[in-house]
Amino acid sequence: PKEEEAPKEEEAPKEEPKAEEPPKEEEEVKVEEAPKKKKKGKKKKKKKAASSGDCQSEEMWNEISKKNGSEINWYILKLKGKVGNGEDLECIEKGSGGVKEMVTFFTDKPKGIYFGLLRVTTSDIMSVRAKFVYMKFLGTNVKTMTKAKLTGSLGKIEDKFPCKHLSVDINEKDCADDLKPEKLAKELLRVGGAHKPDKMSFGPDQEVDVTNMG
């Protein structure tokens, strides 16, 4: 009698090759995330201006942070009420002329208390990105008692500016020097990430070549 052949093992079904997805097109301008401090046990959330009924700060942030570019590249907010009576802000000035316009606004405000944001465009042959400079302005004639009252509100006020790659404290006397494009470019490079751009634009005709900056 013939020996029965052992049953053949069934071959596993072959997986059909998946079609590769086409590469996604890169956004015209990427809003680069500011360096974050590590926090345990917290999930990432989409950046949004802290409002608690403060609509203007959120509206201005949404306008200046548009991925495909914005009609403005800076804005300035001030407290709606007296210092120490809340943190709601209102927009008093905005523009598209860059840091030069901001300096013009600040130079004659010795009693002013303002909070500003500047959008800086960085670029190289591969990409165009947006970075943000946060400014806290305290005029030289602001009273010591007023400054003390403001201190307790600063944390909540700064939360209304969700993305800050660089923060600077300025007054009307030193702002022209502190906000020079070359000086800001060096500071942005110092605190920036691994991606170094070739140029930084702080507004029309305010471009800085940073290829040779350390």
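FYI, side chains are in, hydrogens and waters are out, and symmetry mates aren't considered; it's all heavy atoms of this structure.
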Atom pair CG (D178) and NZ (K183), whose distance is rounded to the nearest 0.5 Å: 4.5 Å

Donor-acceptor under 3.5 Å (Q206 side chain, P181 main chain): no

Pair I92-L77, side-chain contact (heavy atoms from CB on, under 4.5 Å): steps then yes or no: CA-CA 6 Å; I92 56 166; L77 308 179; over 6 Å; no

Spacing of NZ belonging to K164 relative to CD belonging to E158, to within rounding of 0.5 Å: 6.0 Å

D124 and K199 ion-paired at < 4.0 Å: no

K100 side chain to G97 backbone, donor-acceptor under 3.5 Å: no

Show every donor-acceptor pair shorter than 3.5 Å between a side-chain atom in residues 166-176 and any protein atom, with sequence neighbours excluded, or say none if there are none.
from, atom 1, to, atom 2, distance (Å)
N171, OD1, K173, N, 2.9
N171, OD1, D174, N, 2.9
E172, OE1, T140, N, 3.1
E172, OE2, T140, OG1, 2.4

Plane angle bin for Y75 and F161 - parallel if under 30°, tilted between 30 and 60°, otherwise perpendicular: parallel

Polar side-chain atom of S70 near backbone of E63 as donor-acceptor pair, under 3.5 Å: yes

Within 45° cone of Y134 ring axis and under 6.0 Å: K136 NZ or CZ: no

Aromatic contact, F132 with W61 (centres under 6.0 Å): yes

Nearest atoms (heavy-atom pairs only) where I72 meets I64: O-CG1, 3.9 Å

Nearest non-hydrogen partners of S123 and V128, listed with the distance: CB-CG2, 4.2 Å

Interatomic spacing from OG in S57 to CG in N62 - rounded to 0.5 Å: 9.5 Å

Pairwise side-chain contact, E207 with M200, heavy-atom cut-off 4.5 Å (strictly under): no

Heavy-atom donor-acceptor pair, K160 side chain to K156 backbone, under 3.5 Å: no

Parallel, tilted or perpendicular, as decided by the 30° and 60° cut-offs, for the rings of Y114 and F106: tilted

Residue pair L184 / F202, side-chain heavy-atom distance below 4.5 Å: yes

Criterion side-chain contact (heavy atoms from CB on, under 4.5 Å) on L118 and M135, from CA distance to verdict: CA-CA 8 Å; L118 170 69; M135 304 171 193; 3.8 Å; yes

Check: C91 main-chain N/O paired with Q56 side-chain donor or acceptor under 3.5 Å: yes

Shortest non-hydrogen contact from S96 toward E71: CB-O, 3.3 Å

Straight-line distance of L138 CG to T146 OG1, nearest 0.5 Å: 10.0 Å

Full working for side-chain contact (heavy atoms from CB on, under 4.5 Å) between W74 and R119: CA-CA 6 Å; W74 64 272; R119 177 178 175 135; over 6 Å; no

Identified side chain to side chain contact (heavy atoms under 4.5 Å, CB included) partner of P197 from the options V208, L189, T211: L189

Heavy-atom side-chain contact between V133 and L117 under 4.5 Å: no

From F115 atom CZ to I76 atom CD1, the distance as rounded to the nearest 0.5 Å: 11.5 Å

Heavy atoms from other residues, nucleotides or ligands near NZ of K111 exceed 12 (cutoff 6.0 Å): no

Inter-residue atom distance L179.CG - M102.CE, 0.5 Å rounding: 7.5 Å

Donor-acceptor contact below 3.5 Å, side chain N73 vs main chain G98: yes

Heavy-atom side-chain proximity of V210 to L188 below 4.5 angstrom: no

Stepwise side-chain contact (heavy atoms from CB on, under 4.5 Å) check, E90 with L79: CA-CA 6 Å; E90 60 184 344; L79 286 165; over 6 Å; no

More than 12 heavy atoms from other groups under 6.0 Å of CG on D205: no

